[in-house]
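One structure below.
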Amino acid sequence: MSKFKKIVILSMVLFLLTGCAPQLKNGTVIIVKKEYHEPYTTTTFTRVGKAMIPIRHHHDEEYKVIVKQFDDKDEYIEKGVKVDKQLYDKVKVGDELTYKSGGLFVNSDEDGK
């Protein structure tokens, strides 16, 4: 088998496997952990002719909650979801939230708003 065919087959297998991870469904989720990542800056260097030029990358602060949701087999899926500071401050570990269309909403909010 040629090297090109091996690369194509390996790429297809990796692509198929990445789609197999369980996903959250619309419904109730439970917060199991809260994570906060401070803002930071990284510097990479790129070569321009004979000179090395620094390029700075700023990364904003990140608020994230780890939630779990039970699937059809009574096993749970754990997933990290980015949230804004307001929601992060409002919730605590053990709270039940509504997961809808990729976002989290407090159950007392009307219509997931």
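All values below come from the heavy atoms of this structure, side chains included, with hydrogens, waters and symmetry mates left out. These figures come from a predicted structure and were not determined experimentally.
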Response to the item:
Sorted by chain and number, sequence neighbours left out, salt bridge (charged side-chain N to carboxylate O under 4.0 Å, His left out) with E96 holds for none
Just wondering, do [Y] and [X] contact through their side chains at under 4.5 Å, heavy atoms?
X: V91; Y: L97; answer: yes
X: E62; Y: K82; answer: yes
X: P39; Y: D60; answer: no

Taking transitive links into account, so neighbours of neighbours count too, which hydrophobic residues share a cluster with [X] at under 4.5 Å side-chain distance?
X: I53; result: V48
X: M52; result: F45
X: V32; result: I66

Worksheet entry | side-chain contact (heavy atoms from CB on, under 4.5 Å) partners of Y40, counting only residues at least two apart | T42, H59
Worksheet item: Rounded to the nearest 0.5 Å, what separation is found between the OH atom of Y63 and the CD atom of Q86?
Response: 12.0 Å
Worksheet item: Once you round to the nearest 0.5 Å, how far does CG of D95 lie from CG of L104?
Response: 11.0 Å
Closest approach of [X] and [Y], non-hydrogen atoms and distance?
X: K68; Y: E78; answer: CB-CG, 4.1 Å
X: P54; Y: T43; answer: CB-CG2, 3.9 Å
X: K90; Y: V106; answer: CD-CG2, 4.0 Å

Worksheet item: Taking everything shown except E61 itself, do over 12 heavy atoms lie less than 6.0 Å from its CD?
Response: yes
Item to complete: Could I get the full list of side-chain hydrogen bond (donor to acceptor under 3.5 Å, both in side chains) partners for Y88, not counting sequence neighbours?
Response: none
Worksheet item: Q69 and Y99: side-chain donor and acceptor closer than 3.5 Å?
Response: no
Worksheet item: Under 3.5 Å, is there a donor-acceptor pair linking the side chains of T44 and H57?
Response: yes
Discussion item. Is there a path of hydrophobic side-chain contacts, each under 4.5 Å between heavy atoms, that joins L87 and I30?
Written reply: no
